[in-house]
S.K.: 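Mind looking over this structure? Questions follow.
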Amino acid sequence: METEYDFRQGKRGAVDPTPSGKTRITIRLDDDILAWFREQVHSAGGGNYQTLINEALRQHIQTIRQPLEETLRKVVREELERIER
């Protein structure tokens with residue numbers, strides 16, 4: 001190791017810049033929740049647990065936004081299709 005390093009050309013900030021459309025935040029999650037998402041990624045052979053959490057939140061929001069009538073119609077159509085086979 002060098003006894004002294006030259007940081008005059010160094011830049012401050014994140015090593016990986018935040019992609020457009022994403023915001024870096026700090027969030028506190030229960031240990032068991034985080035462990036579950038990490039295990040899912042590990043079981044799948046790799047990936048990013050943060051992306052998985054993002055997708056789970058997106059699906060939850062979509063479920064809440066979907067009107068009950070639309071959900072019921074979808075279920076009825078699926079059941080009728082299953083019976084007709």
Side-chain angles (χ1 to χ4, degrees):
M1 287 181 64
E2 293 184 29
T3 57
E4 189 174 317
Y5 292 91
D6 183 8
F7 292 103
R8 287 179 289 181
Q9 300 297 319
K11 295 183 181 177
R12 300 186 100 181
V15 175
D16 293 328
T18 304
S20 177
K22 298 214 179 237
T23 301
R24 183 178 178 170
I25 64 166
T26 300
I27 184 172
R28 297 182 195 281
L29 300 173
D30 293 341
D31 292 339
D32 59 328
I33 300 296
L34 190 55
W36 186 87
F37 279 100
R38 285 180 170 160
E39 178 59 34
Q40 297 306 304
V41 168
H42 179 72
S43 296
N48 187 324
Y49 72 91
Q50 293 171 336
T51 301
L52 195 58
I53 293 170
N54 197 41
E55 183 59 30
L57 291 170
R58 190 177 307 284
Q59 286 177 5
H60 177 71
I61 291 169
Q62 186 63 28
T63 301
I64 289 174
R65 285 185 179 166
Q66 192 173 39
L68 180 58
E69 181 180 358
E70 185 178 325
T71 303
L72 289 173
R73 288 178 186 273
K74 179 181 175 187
V75 169
V76 168
R77 279 193 299 271
E78 289 172 358
E79 289 300 312
L80 286 173
E81 182 180 307
R82 188 178 61 84
I83 291 171
E84 291 173 352
R85 287 185 200 172

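Quick note: numbers below take in every heavy atom, side chains included, and nothing from hydrogens, waters or symmetry partners.
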S.K.: Please determine whether residues Ile64 and Val75 belong to a single hydrophobic cluster, defined as Ile, Leu, Val, Met, Phe, Trp and Tyr linked transitively by side-chain heavy-atom distances below 4.5 Å.
M.R.: no

S.K.: Going from CZ on Arg58 to CD1 on Ile61, what distance comes out if it is rounded to the nearest 0.5 angstrom?
M.R.: 7.5 Å

S.K.: Between atom CD1 of Ile83 and atom CD of Glu79, what is the distance when rounded to the nearest 0.5 Å?
M.R.: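 Separation between the atoms: 6.0 Å.
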
S.K.: Above 12 or not: heavy atoms from other molecules or residues under 6.0 Å from CG of Asp31?
M.R.: no

S.K.: Decide whether Glu39 and Ser43 meet the rule of one side-chain donor and one side-chain acceptor closer than 3.5 Å.
M.R.: yes

S.K.: Nearest 0.5 Å, please: how far is CD1 in Ile33 from CZ in Arg38?
M.R.: 13.0 Å

S.K.: Using 0.5 Å steps for rounding, measure from the CZ atom of Arg12 to the CZ atom of Phe7.
M.R.: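 Separation between the atoms: 12.0 Å.
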
S.K.: Is it true that a side-chain atom of Thr71 and a backbone atom of Pro67 form a donor plus acceptor pair closer than 3.5 Å?
M.R.: yes

S.K.: Decide salt bridge (Lys or Arg N to Asp or Glu O under 4.0 Å) for Arg73 and Glu70; before the verdict, give the C-alpha distance in whole Å, the side-chain angles of both, and the deciding distance to 0.1 Å.
M.R.: CA-CA 5 Å; Arg73 288 178 186 273; Glu70 185 178 325; over 6 Å; no

S.K.: Would Glu81 and Arg85 count as a salt bridge (Lys or Arg N to Asp or Glu O under 4.0 Å) here? Give the steps.
M.R.: CA-CA 7 Å; Glu81 182 180 307; Arg85 287 185 200 172; 2.9 Å; yes

S.K.: Would you compute the distance between atom CH2 of Trp36 and atom CG of Asp30 and round it to the nearest 0.5 angstrom?
M.R.: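 The CH2 atom of Trp36 sits 14.5 Å away from the CG atom of Asp30.
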
S.K.: Counting only heavy atoms not in Glu78, do more than 12 sit closer than 6.0 Å to its CD atom?
M.R.: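 Counting neighbours around CD of Glu78, more than 12 heavy atoms of other residues, nucleotides or ligands fall under 6.0 Å, so yes.
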
S.K.: Do Lys22 and Asn54 have side chains that get closer than 4.5 Å, going by heavy atoms?
M.R.: yes

S.K.: Say you draw a straight line from CD1 of Ile27 to CD of Gln50; how long is it, rounded to the nearest 0.5 Å?
M.R.: 10.5 Å

